[in-house]
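To keep things clear, I will list the structure first and then write my remarks on it.
In the text below, chain A, chain B and the rest are named by the order of the sequence lines, each starting its count at 1.
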Amino acid sequence: MEEKELNKVYNPKDVEGRIYETWQKKGYFRAEVNKSKKPFTIVMPPPNITGRLHMGHAMDDTMQDIIIRFKRMQGYNTLWVPGTDHASIATEVKICEQLQKEGVNKDEITREEFLKRAWAWKEEYGENIVSQIKKLGSSCDWSKQRFTMDEGCTKAVREFFVRLYEKGFIYKGEKLINWCPKCRTSISDSEVNFEEKDGNFWYIKYKIENSDEYLIVATTRPETMFGDAALAVNPNDGRYKKFIGKNVVVPVVGRLIPVVADDYVDIEVGTGVLKITPAHDPNDFEVGLRHDLPILNVMNDDATMNENTGEYEGLDRYVARKKLVKNLENNGYLVKIKDIKHNVGTCYRCSSVVEPRISNQWFVRMKDLAQPAIECVKNGTTSFIPERFSKIYYHWLENIKDWCISRQLWWGHRIPAWYCDDCGHMNVSREDVKKCEKCSSENLCQEEDTLDTWFSSGLWPFSVLGWPEKTPEFEYFYPTDVLVTGYDIIFFWVVKMVFSSLAMTKREPFKNVLIHGLVRDSQGRKMSKSLGNGVDPLEVIEKYGADALRFSLIMGNSPGNDLRFFNEKVEFCRNFANKIWNAARFVHMNTDGKNVNGELPENMCVTDKWILSRFNKTAKEVNDCLEKFELGVAAQKLYDFIWDEFCDWYIEFSKISGDKNVLLWTIKNILALLHPFMPFITEEIWQSFPHEGETLMLCKYPKCDENLIDKNAEESVKILVSVIKSVRNMRREKNVPHSKKIALYVETDNLGYEDILSKNSDAVVKLAGLKNLSISHKFDVPQSTTIINDFVKIYVPIDDIVNRADETIRLQKERENTLTQLEQVENRLKDDKFISRAPQKIIDGARENAETLRRKLEKIEQSIEDLK
RNA sequence: GGGAGCAUAGCUCAGUUGGUUAGAGCACUUGCCCUACAAGCAAGGGGUCACAGGUUCGAGUCCUGUUGUUCCCACCA
């Protein structure tokens, strides 16, 4: 890139692709182990290979890129590892859909054929999202890109599984799990969403054996009756005490089951009698265990009724329900039907109603693994930002249940267990087993089930660095510094990474967890496919540019809070980019070919000193905010400084006076300070100025230089600005257009004020639209309007517009306002408690303020006097 | 049932460990092409910081309660 003329309007499309390619080609994103430098590591949450970039990713990746660019410019050896997730259920669903389109059913092809398709799918679409992430400007080390099912990750998964198994944390057993009949797999508790749906209570009579008496049970799922193992009542329920121990007849089915007493039964709910179906309800399962009840499964994988349901076998659960209710009604067992609303568990992937079901699955015993994960945050090894999310994290871990990790899917990490056909022994091993370790038989078959996706993504922060090998990368870059993710994924993912990491590496996976909210639509609704309200980040980039999108997702947003997405906001961020672009054009016009090198001169005028002071203060604030991950505030500070102080004031001043080296110095440092937020435009402009080094992204991040903080200069410019603003204000009040040049008399007995105003009179004349500026300690200007600001008294003679009566009224109003303010301050200063307890700094401030107001009041009163 | 967030200008949101007169963008009003920028410049109007108490010299900020609202967890008798 060479120096060249800049267009009048910034066009991101001409810039972004070209710059990104250069960055990548030059290898600026690459990180190598270098023990002489301090590492800073972020591992990107891997997007699903089924995914398309959405606003959530855009925000997540922008946050990470800002942090990583900041740290890179600070001199850290920064590594940002990207990658993708195989997303077992989501991808399997896609493959099945693809098959269906060809008229093929999943059971009609072999596992091998299926996997071949899945890999082909991954190859074809898996990189889509990667190219989209690049469009954002993300500076990840693409040479270290990983995939949760690549060789290394697979090795890590096996190592993790076997180690947990050997320590007894993994077991296989018949337990009640959530079953999705559509995906035909088990899913974990956190993968179930509860949705409120309309339903019914069916009140059904269960006759007591050899008696005319009966108990009435209210149920929402009558079809599970076939699996009833008992009725249960509360032992303290007087109504039913006499039935405890007796048998009842299951209607229609005719089977005898006992009435048991159990505290779980709530006397208040329903009829106070509960049917116990251990194979199809988690609570019933527990009750069943306590009373040693038989477990009778009544459904198939696809939620049709099974062989235990007689004539109902083969019917879908809802068809069977209808038929059964009819049957109950016809035979006089149905007492009544009540409409209710209740929460029904649904699959987080396909939204089908989940069937709780007894099943033989693999589990991780969580309790002992959870404890260190709790400790890790409690003792501050890992911190949540904002802190409040640690509460959610604790609550979840403290109430943790065993984790069902087996899935009846093909796409994923197949569980490394081999069953011996001869002796039945189960071989669990890191390597594929060819021979039974017990009987040496070679008749082995591997477990059909695969592992939950989160089982492998839980290892992500360390598996991507080479674990279980002790690679140099793992030794150097691990633990990572910060994880950036949304609050919706704390249970799914964050907790799993923490406990897995602690168990395997003995270290925390990351030092900080920066949590952000959801990106919502302009009405505050969640962006979703079904609502069709999603905004495509790529379209936004196309229209406004990546920098504008990035800035709009960050500015003014605080950690952990949701963000509403408005095109208008992107628009004003685009305008901001354009503002900088034009400021740069101005600098070029004033520096090109003029022997300006951007080195700060020895002697500077007050406005130069002022902008340097303001810049350094801003740099300090921005650095502080970034260290604390307060990206939204940092962006806001940059916006305010660049637009208000640099563009609106400094550039205007610089048209009159000031060293062009300071102008160039300031804009170049502004570009550096802004670079992590808006990487493309800052790089493009920086390249257009004379520069050292190849790229802005590897320049030193500006820090606050205390030597350039200049309190006097700031105070002086405050006076200039105040006078200029007073005049502009008066123009508006009196309807004097800027084109009408006016004479100005500034009265002050402060030599400092006089000095600063006379030295910068050109600036005041230009910016306030004056004919001339006179400064003295005393003026007598008849037929003039008088402005009294915090510093000086100003006379503006304008014959045709001054009206004595109006002037008096205006000044009296002014007097009232000032008086009220003065009273407030004086009251405070009269308060002994304030004087004795407030810090000296505040008291001094108040005194100074009172003095200023008093002087102002004096001047106003005198002016009123003069008008008489 | 348990927990958390939010409530600030017409709208969307900032507001650092409590500190003088509470900010921004958009929208609105008025005037401007002043040779970087009309995707702009200048100026202005608009707020009982949800309500009620409390702590404090001082509360948008801390504490308690109330109301409204959103979300998370638990839960399909």
Side-chain angles (χ1 to χ4, degrees), chain A residues 6 8-10 190 194 197 199 201 217-221 232 265-266 269-275 281-284 340 342-345 353-354 356 386 388-389 391-392 395-396 399 487-488 490-491 517-518 522 524 544 555-558 560-564 566 568-569 571-590 621 624-625 628 630 632-633 636 639-640 643-644 647-648 651-652 655 725 728-733 735-739 766-767 769 817 820-821 824-825 828 831-839 841-843 845-846 848-850:
Chain A
L6 300 180
K8 196 166 172 180
V9 171
Y10 173 59
S190 43
F194 284 91
K197 293 196 170 177
F201 259 145
V217 173
T219 178
T220 56
R221 291 188 303 161
V265 183
D266 190 331
V269 179
T271 59
V273 185
L274 189 57
K275 71 187 208 53
D281 181 282
N283 295 309
D284 290 10
I340 55 158
H342 62 160
N343 287 325
V344 181
V353 173
V354 165
R388 67 171 186 273
F389 287 101
K391 272 187 217 164
I392 298 176
H395 181 259
W396 200 79
N399 295 287
Y487 58 66
D488 52 332
I490 294 176
F491 311 120
L518 267 37
S522 58
Y544 300 103
M555 179 164 122
N557 189 229
S558 50
N561 285 358
D562 290 352
L563 174 88
R564 288 196 198 196
F566 291 91
E568 290 82 354
K569 193 173 174 188
E571 221 165 279
F572 86 69
C573 290
R574 186 267 318 257
N575 295 354
F576 176 53
N578 198 49
K579 186 81 184 171
I580 298 162
W581 185 256
N582 279 294
R585 288 180 61 225
F586 175 82
V587 178
H588 272 294
M589 290 167 69
N590 284 278
E621 290 176 327
D624 289 351
C625 285
K628 290 185 281 183
E630 283 178 2
V633 184
Q636 184 82 53
Y639 182 92
D640 291 345
W643 202 306
D644 295 345
C647 291
D648 289 345
I651 285 188
E652 291 309 319
K655 288 175 182 171
K725 283 199 158 188
R728 286 172 173 174
N729 195 318
M730 181 278 302
R731 280 181 182 281
R732 145 100 183 163
E733 245 175 59
N735 267 322
V736 183
H738 192 262
S739 49
K766 171 119 199 279
L767 298 180
N817 282 340
T820 316
Q821 285 175 37
Q824 273 176 13
V825 183
R828 194 169 330 120
D831 191 339
D832 291 341
K833 285 181 183 167
F834 175 69
I835 298 297
S836 59
R837 293 186 201 184
K841 215 172 115 188
I842 299 296
I843 299 173
E848 215 171 284
N849 193 17

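In this structure A:Arg728 satisfies the side-chain hydrogen bond (donor to acceptor under 3.5 Å, both in side chains) test with no other residue, sequence neighbours excluded. For A:Val633, the side-chain contact (heavy atoms from CB on, under 4.5 Å) partners are A:Cys625, A:Glu630, A:Lys637, not counting sequence neighbours. Considering only residues two or more places apart in sequence or on other chains, A:Asn343 meets the side-chain contact (heavy atoms from CB on, under 4.5 Å) condition with A:Phe194, A:Glu196. Partners of A:Lys569 by salt bridge (Lys or Arg N to Asp or Glu O under 4.0 Å), not counting sequence neighbours: none found. Under the rule for a ring pair (Phe, Tyr, Trp, His ring centres under 6.0 Å), the partners of A:Phe576 that lie at least two apart in sequence or sit in another chain are A:Phe551, A:Tyr639. Among residues two or more places apart in sequence or in another chain, the side-chain contact (heavy atoms from CB on, under 4.5 Å) test is passed with A:Val587 by A:Thr591, A:Leu663, A:Leu664, A:Ile667, A:Phe689. Every side-chain contact (heavy atoms from CB on, under 4.5 Å) that A:Pro282 has, sequence neighbours left out, goes to A:Leu176, A:Pro356. The side-chain hydrogen bond (donor to acceptor under 3.5 Å, both in side chains) check on A:Glu848 picks up nothing, with sequence neighbours excluded. The ring pair (Phe, Tyr, Trp, His ring centres under 6.0 Å) test applied to A:Tyr544 returns no partner, not counting sequence neighbours.
Distances from the side chain of A:Tyr639 to the nucleotides B:C37, B:G19, B:G25 place B:G25 closest. The A:Asn283 side chain lies nearest to B:C76 when the options are B:C34, B:C76, B:U20.
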Nucleotides 38-45 of chain B: protein proximity per nucleotide (B base, S sugar-phosphate only, - neither; heavy atom, under 4.0 Å): SBSSSBS-
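Between A:Tyr10 and A:Trp581, the ring planes lie tilted relative to each other; the angle falls in the 30° to 60° range.
Counting any heavy atom pair closer than 4.0 Å across all strands shown, A:Glu848 reaches no nucleic acid atom. Nucleic acid contact class of A:Asn817 (heavy atoms, under 4.0 Å, all strands): none. Base engagement by A:Ala583 is indicated by at least one non-hydrogen atom pair under 4.0 Å involving a base atom. Backbone-only contact: A:His395 has heavy atoms under 4.0 Å from sugar-phosphate atoms and none from a base. Within 4.0 Å of A:Ile392, counting heavy atoms only, lies no atom of the nucleic acid at all.
Judged by distance alone, with hydrogens and angles left aside, A:Asn343 brings no side-chain donor or acceptor close enough to the base of B:C76 to form a pair under 3.5 Å.
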Nucleotide N/O to protein N/O under 3.5 Å, stretch nucleotides 13-17 of chain B:
{"from": "B:C13", "atom 1": "OP1", "to": "A:Arg564", "atom 2": "NE", "distance (Å)": "2.9"}
{"from": "B:C13", "atom 1": "O2'", "to": "A:Gly556", "atom 2": "O", "distance (Å)": "3.0"}
{"from": "B:A14", "atom 1": "OP1", "to": "A:Ser558", "atom 2": "OG", "distance (Å)": "3.2"}
{"from": "B:A14", "atom 1": "OP1", "to": "A:Asn561", "atom 2": "ND2", "distance (Å)": "3.3"}
{"from": "B:A14", "atom 1": "O5'", "to": "A:Gly556", "atom 2": "O", "distance (Å)": "3.2"}
{"from": "B:U16", "atom 1": "O4", "to": "A:Lys637", "atom 2": "NZ", "distance (Å)": "3.1"}

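Where pairing requires Watson-Crick or G-U contacts shorter than 3.5 Å, the helical stems of RNA chain B with at least three consecutive pairs are B:1-7 with B:67-73, B:10-13 with B:23-26, B:28-32 with B:40-44, B:50-54 with B:62-66.
An OP1 or OP2 oxygen of B:U21 is reached within less than 4.0 angstrom by a side-chain nitrogen or oxygen of A:Gln824. Put simply, A:Lys391 has no side-chain N or O that comes within less than 4.0 Å of OP1 or OP2 on B:C72.
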